[in-house]
Student: 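Below you will find the structure I want to go over with you.
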Amino acid sequence: MRSISIFGATGSIGESTFDLVMRAPETYRTVALTGGRNIARLAEMAIALRAELAVTAYDDCLPALREALAGTKIEVAGGEAAIAEAADRPADWVMSGIVGAAGLVPGMRALRHGGTLALANKESLVTAGPLLMETARAHGATILPVDSEHSAVFQALTGEDAACVERVIITASGGPFRNWSAERIANATLAEAVAHPSWSMGQRISIDSASMFNKALELIETREYFGISPDKIEVLVHPQSIVHALVGFCDGGIMAHLGPADMRHAIGFALHWPGRGDVPVERLNLAQIGKLEFQDPDIAKFPALRIARDVMEARGLHGAAFNAAKEIALDHFIAGSLAFPRMAAIVEETLSRMNGLGRTAANLDDVLEVDASARRVATSIAGGR
Ligand code: NDP
Ligand code: MG
């Protein structure tokens, strides 16, 4: 029986993971499930999977979790440290599905057991790519990408000679503002930004898709996970979200990965790897879809892509500052105190105000320090100081 833990169980990725696991619950032993404020759902999932431990990220939610699980044998805990401690409990397969930089520490700690980390939390690679990959190597752990584009690249690369890879192309739906003018984007509301045309995802990644900060993070993620130089990584806008990535080889051939816009494919791939198992996603009917369109992204309208290129080249601690500033800018947009295009401006200004980002992170503390100071800088810029 395989032991599993799901970090971010109550989120969009967590729900999809839960759905797959619940189709064959007798084959898994659930070590830990973690969530945030959605205590009712966390408790329900913990009971359904007979988890050993359920953790909320927030201390103030712990009494409610304790009450919801009273009378069961499930242990409960709360707070950031408790989430990290949950990752210290060995599991063969761990889903890293927390949103934001908060996913970094638990993912890093889980790698120390040498199992498989199914990595949806792209922020881990953006903020601390080299440390994460090195930790996996040092402990004999496997990181499998769950982001759909990166799962697609991984699948297209299987059995191939990395030296023959000429280019990696990740696709982007273009988000809800693909055909909007810059003037219209300037006044975009939260509801408009969250309304993703092809994927159903958490609120934060949906807005990041509208600003293309999601694709910006994914460029960096591609660079860090596959070790491919930035000049070989491209973004292609593909509104149908059917082709998730393409890999071009030195003989001119291109391997494309196609699938429905359903994260259960990439999660299922990571769950069944190195083999393949049945995954209950819709089967594509290409004749019905009819046409697949591709176009270059509009960098002027979506400056996040340009900023990401600089971060990819510069590496060091730039990714940690970039992500932290983006998270703060996003908080302000969600709170209604920032216009949509100001998010990119805040990220760019934060990076330009910070010194010493070129150095390589020696350890996790270096990354967490830069994350904290970038949050302070971005907060003061957003507040007009
Ligand atoms: P959601 O917002 O739907 O879920 C986030 C999860 O993390 C929830 O369980 C939430 O708890 C929990 N959480 C929130 N804040 C914290 C915190 N500070 N500490 C610990 N846990 C916390 O996000 P998604 O599922 O959409 O995304 C998760 C990750 O996967 C992100 O990194 C995203 O970029 C990546 N990803 C997502 C895709 C998708 O389709 N959704 C596709 C590709 C990548 P609660 O809800 O209970 O408060
Ligand atoms: Mg993606």
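Because only heavy atoms are used, hydrogens play no part in the values below, and waters and symmetry mates are left out as well, while side chains stay in. For ligands, and for the atoms within them, numbers begin at 1 and follow the listed sequence. In this text the structure is predicted, and so the values were computed from the model without any measurement.
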Student: For a side-chain hydrogen bond (donor to acceptor under 3.5 Å, both in side chains) with Lys122, tell me which candidate from Glu218, His150, Glu221, Glu149 qualifies.
Tutor: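 By the side-chain hydrogen bond (donor to acceptor under 3.5 Å, both in side chains) criterion, Lys122 pairs with just one of Glu218, His150, Glu221, Glu149: Glu218.
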
Student: Give the name of the N/O/S atom in Glu149 that lies closest to the Mg ion (ligand 2).
Tutor: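 Looking at Glu149, the N, O or S atom with the least distance to the Mg ion (ligand 2) is OE1.
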
Student: Any chance you could pull the hydrophobic cluster mates of Leu286, using side-chain heavy atoms under 4.5 angstrom and chaining through other members?
Tutor: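 Joined to Leu286, directly or through intermediates: Ile169, Leu236, Ile242, Val243, Leu246, Ile254, Leu258, Leu284, Ile289, Leu292, Phe294.
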
Student: Would the number of heavy atoms belonging to other residues, nucleotides or ligands and lying under 6.0 Å from CD of Glu282 be above 12?
Tutor: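 Check fails, neighbour count at 12 or below.
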
Student: More than 12 foreign heavy atoms under 6.0 Å from CZ of Arg41: is that the case here?
Tutor: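 More than 12 within 6.0 Å, yes.
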
Student: With respect to the Mg ion (ligand 2), what is the nearest N, O or S atom of Asp147?
Tutor: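 Among the N, O or S atoms of Asp147, the one closest to the Mg ion (ligand 2) is OD1.
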
Student: Only N/O/S atoms count here: what is the atom of Glu218 closest to the Mg ion (ligand 2) called?
Tutor: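 Nearest N/O/S atom: OE2.
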
Student: Output all residues satisfying ring-ring contact (aromatic ring centres under 6.0 Å, His included) with Phe333, sequence neighbours left out; order by chain, then residue number.
Tutor: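 ring-ring contact (aromatic ring centres under 6.0 Å, His included) check on Phe333 returns Phe340.
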
Student: Quick test of your reading: applying side-chain hydrogen bond (donor to acceptor under 3.5 Å, both in side chains), list the pairs with at least one residue in residues 251-271, sequence neighbours left out, ordered by first then second residue.
Tutor: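 For residues 251-271: Asp19-Arg264, Gln155-His257, Gln155-His265, His257-His265, Asp262-Arg264.
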
Student: Using 30° and 60° as the class limits, which term best fits the ring planes of Tyr225 and Phe154: parallel, tilted or perpendicular?
Tutor: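 Tilted, since the angle between the ring planes falls between 30° and 60°.
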
Student: Heavy-atom cut-off of under 4.0 Å around ligand 1: list whichever protein residues fall inside it, by chain and number.
Tutor: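 Residues Gly8, Ala9, Thr10, Gly11, Ser12, Ile13, Gly35, Gly36, Arg37, Asn38, Ala57, Tyr58, Gly97, Ile98, Val99, Ala102, Ala120, Asn121, Lys122, Glu123, Asp147, Met201, Gly202, Ile205, Met263 each place a heavy atom under 4.0 Å from ligand 1, listed by chain and number.
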
